Structures are given as C-alpha cells and as structure tokens.
2 protein chains.
Amino acid sequence: MKLNTKSRYAVMALADMARFDGKNPVSLRDISLRQSISLLYLEQIFLRLKKNNIVKSVRGTNGGYIISKNINDLKISDIFYALDEKVKTVGCKKELKRGCNGKSSKCLTHNLWDELDLHINSFFENKKLGDLVKRKESRN
Amino acid sequence: MKLNTKSRYAVMALADMARFDGKNPVSLRDISLRQSISLLYLEQIFLRLKKNNIVKSVRGTNGGYIISKNINDLKISDIFYALDEKVKTVGCKKELKRGCNGKSSKCLTHNLWDELDLHINSFFENKKLGDLVKRKESRN
DNA sequence: GTAATCTTGACTATTTTAGTCGGGTATATA
DNA sequence: TATATACCCGACTAAAATAGTCAAGATTAC
C-alpha cells in the first residue's frame with residue numbers, strides 16, 4: 001500500500017515552489033535540480049497539474065510554472081486527484097458480478113474498505129500545501 | 001494507492017471463518033467456494049497466516065484452519081503484517097543517498113508521509129477482526 | 001534568431017502482482 | 001490399511017502497473 005511516485009513528486013515539487021513568493025514562475029529545470037527528479041518526468045507531471053488548474057504556465061525564457069491559488073487553500077487531495085492517485089482500497093464494487101451486491105453475505109469486509117477510504121481521504125482533504133511549508137519553517 | 005489482493009483476501013477469508021464457533025476447523029475449500037477465491041491462492045495466503053500464528057492448521061480429513069486467538073483481539077494490522085502489506089507511503093528514507101538526510105531542505109514532504117503512515121496504521125491497529133462480524137450481524 | 005522553456009503523445013524497460021503448477025505429507029474414517 | 005481429504009511449499013509465469021525516456025514540437029524574452 002503505497003503512493004506512486006508521480007503523486008509524491010508532485011507534492012514535493014509543489015512544496016518546493018511554495019517556498020517562493022508566487023509571483024515569479026519557477027522553471028522545472030530548477031525544481032529538477034533541487035529535488036533530484038528527472039526533468040522529463042516532471043514535465044509529464046506538470047502537464048497533469050496544469051490541466052487540473054493547479055498550476056499556470058508561463059512560456060518562453062524565464063518562464064516556468066506558478067501555483068494557481070493560495071497555498072493555504074490547495075488541498076493535498078487536489079494534487080492527488082490531478083495525478084489519478086486513487087485512494088481506493090478496492091472493495092467489492094469493482095469485482096461485482098460474482099458476489100457482493102450489497103445484501104450478499106460474502107462481503108463482510110465491504111464496510112471496512114469503505115471506512116478506510118474515507119479515513120485516508122479525509123486526511124488529505126484536511127492537509128493543505130501551505131501546511132508543509134509552515135511546518136518546516138517553524139522547525140528550522 | 002491500494003491494498004494488494006493477498007491482504008484483502010486474507011481479511012475476507014478470516015472474516016468468513018470468524019462467523020463460526022472456532023472449535024471446528026474450516027477448510028480452505030469451503031472458504032474458496034463461499035468467497036470465490038482460488039483455492040491455490042488461498043493456500044499460499046494461509047501458509048503466511050500460519051507462519052505468523054494467526055491461524056492453526058489441522059491436517060487430514062475434516063481438517064482445515066482455526067483462528068488462533070479471540071477474534072476481538074486480532075487486529076487487522078496483524079493480518080496485514082503477516083502478508084507483508086507494508087502500510088508505507090514511501091518517504092525519503094528509502095531513496096536516501098541523494099537527498100533528505102534529515103536536515104536537508106529537500107524533504108519538505110518528509111513529515112507528511114510519516115504522518116500518513118501513522119494515520120493509516122492506527123486505523124488498522126484499532127480495528128479488530130471481531131468488529132467486522134459484529135457490524136454485519138447487527139445490520140442484518 | 002536563438003536560447004530557454006513549456007507541450008504532448010508515444011514508447012519501453014523494469015518491477016510488481018496475481019495466480020498457477022506440481023509434487024509432496026498427514027490423518028480421519030470406512 | 002486403503003483412500004479421500006486436506007494441508008504444505010517452492011518454483012514458475014502471464015499480465016498489469018510503474019517509472020521514466022524519447023522525439024518533435026510551440027512560445028516568448030532578449
């Protein structure tokens with residue numbers, strides 16, 4: 001049970017960006033160097049982030065990306081959503097047909113998975129990108 | 001972000017067993033039929049459960065498996081542990097060498113992953129196998 | 001006009017996962 | 001004591017997911 005690297009890198013990259021004022025675009029090249037993430041891979045990730053309006057792009061020299069909204073309003077779950085990180089523990093819904101259709105006695109565990117999903121999702125719903133930066137600063 | 005089938009099947013199978021008195025061994029064949037899980041796969045799963053003292057086996061005709069302890073004391077996390085289900089969201093620990101060694105500014109997200117792990121783990125620590133059966137019964 | 005930077009789809013190697021196979025061993029019961 | 005039922009266990013494999021690269025652009029600052 002783990003997150004995929006796309007999601008993780010996305011959060012890392014955005015946290016990296018969040019340390020700056022938000023006025024000047026940050027280039028992927030810089031993020032790539034600071035966070036040791038492949039530039040080509042970052043491009044793929046930011047494509048998704050842009051499509052989901054999490055970042056805005058500025059083309060050309062001195063271009064880069066800017067975080068669209070206030071970092072204290074940007075939920076971690078929004079980032080995951082953009083990258084298709086399904087926080088789904090896979091209940092019986094997916095494999096229906098043969099079994100669990102609600103009333104079946106097969107799915108004793110049905111509710112467990114539902115609860116877990118809820119539990120994890122609420123964690124990410126309540127965490128904001130801003131929290132990550134704040135925490136770090138107050139600690140150093 | 002999802003659980004693997006081994007863990008899920010293990011919980012399903014044990015929940016299935018938990019409905020019985022706990023005196024008579026339950027055969028994998030029966031579980032296989034009731035839960036629509038491949039018998040061969042179940043064998044593999046129960047091998048691990050047995051090694052981790054979650055179930056005891058009874059060989060021969062009319063044999064099967066018995067849950068070792070009281071179902072109200074059996075944590076879901078114990079089951080996952082037996083099947084190597086790592087509830088690890090992969091922080092920077094694994095990929096150290098080049099980056100985050102605690103003091104590095106690279107790992108703004110370090111704490112996020114740690115918190116998440118804690119959050120998920122505590123969920124499973126507090127859930128007992130008995131809870132699953134109770135819930136279902138009270139609902140029907 | 002050229003260097004820096006974003007844009008995009010397609011491709012690929014590697015790893016993980018899910019599940020099977022085959023050949024055992026133990027024991028209840030007829 | 002024969003036999004059917006069940007556990008035991010390592011090795012294997014097909015399929016899917018993942019991580020990451022490649023190639024070929026399009027914009028814009030200077």
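As the structure is a prediction and not an experimental result, all values here were calculated from the model.
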Residue pairs passing the salt bridge (charged side-chain N to carboxylate O under 4.0 Å, His left out) test with at least one member in residues 44-53 of chain A, sequence neighbours excluded, are Arg48(A)-Asp84(A)

At under 4.0 Å between heavy atoms, what does Val26(A) touch on the DNA or RNA strands: base, sugar-phosphate, or nothing?
sugar-phosphate

Is there a side chain to side chain contact (heavy atoms under 4.5 Å, CB included) between Leu112(A) and Phe123(B)? Walk through the geometry before answering.
CA-CA 10 Å; Leu112(A) 179 68; Phe123(B) 178 80; 4.3 Å; yes

Could you tell me how far apart Leu83(A) (CG) and dT18(D) (P) are, to the nearest whole angstrom?
12 Å

Test ring pair (Phe, Tyr, Trp, His ring centres under 6.0 Å) applied to Tyr81(A) - qualifying residues, sequence neighbours left out:
none

Hydrophobic cluster partners of Leu40(B) (side-chain heavy atoms under 4.5 Å)
none

What does the list of N/O pairs under 3.5 Å between the protein and nucleotides 28-30 of chain C look like, with a distance for each?
from, atom 1, to, atom 2, distance (Å)
dA28(C), N3, Thr61(B), OG1, 3.4
dT29(C), OP1, Asn62(B), ND2, 3.4

Spacing between Lys50(B) atom NZ and dA6(D) atom P, to the nearest angstrom:
16 Å

Got a sec, which pairs hit ring-ring contact (aromatic ring centres under 6.0 Å, His included) with one end in residues 51-70 of chain B, sequence neighbours left out?
Phe46(B)-Tyr65(B)

Non-neighbouring partners of Ser7(B) that pass side-chain hydrogen bond (donor to acceptor under 3.5 Å, both in side chains), sequence neighbours left out
Asn4(B), Glu85(B)

Output a table of donor-acceptor pairs, distance under 3.5 Å, between side-chain atoms of residues 70-79 of chain B and any protein atom two or more places apart or on a different chain; print 'none' if there are none.
from, atom 1, to, atom 2, distance (Å)
Asn70(B), OD1, Asn72(B), N, 2.7
Asn70(B), OD1, Asn72(B), ND2, 3.3
Lys75(B), NZ, Glu125(B), OE1, 3.0
Ser77(B), OG, Glu125(B), OE2, 3.2
Asp78(B), OD2, Lys75(B), N, 3.4

Name all pairs fulfilling the salt bridge (charged side-chain N to carboxylate O under 4.0 Å, His left out) condition that reach into residues 52-61 of chain B, sequence neighbours left out, sorted by first residue then second.
none

Judged by nearest nucleotide, the residue sitting upstream toward the 5' end of DNA chain D, Lys51(B) or Ser27(B), is Ser27(B)

Using whole Å, what does the distance between atom C1' of nucleotide dG19(C) and atom CZ of Arg48(B) come to?
14 Å

Euclidean distance, atom CG of residue Asp30(B) to atom C1' of dC7(D) [Å, nearest integer]
14 Å

side-chain N/O Ser57(A) vs dT7(C) OP1/OP2, d < 4.0 Å
yes

Which protein N or O atoms sit under 3.5 Å from an N or O of nucleotides 19-22 of chain D?
from, atom 1, to, atom 2, distance (Å)
dA19(D), OP1, Thr5(A), N, 2.9
dA19(D), OP1, Thr5(A), OG1, 3.3
dA19(D), OP2, Thr5(A), N, 3.2
dA19(D), OP2, Thr5(A), OG1, 3.2
dA19(D), O5', Thr5(A), OG1, 3.0
dT21(D), OP2, Ser38(A), OG, 2.5
dT21(D), O4, Gln44(A), NE2, 2.6

Rounded to whole angstroms, how far apart are CG on Leu28(A) and P on dT7(C)?
9 Å

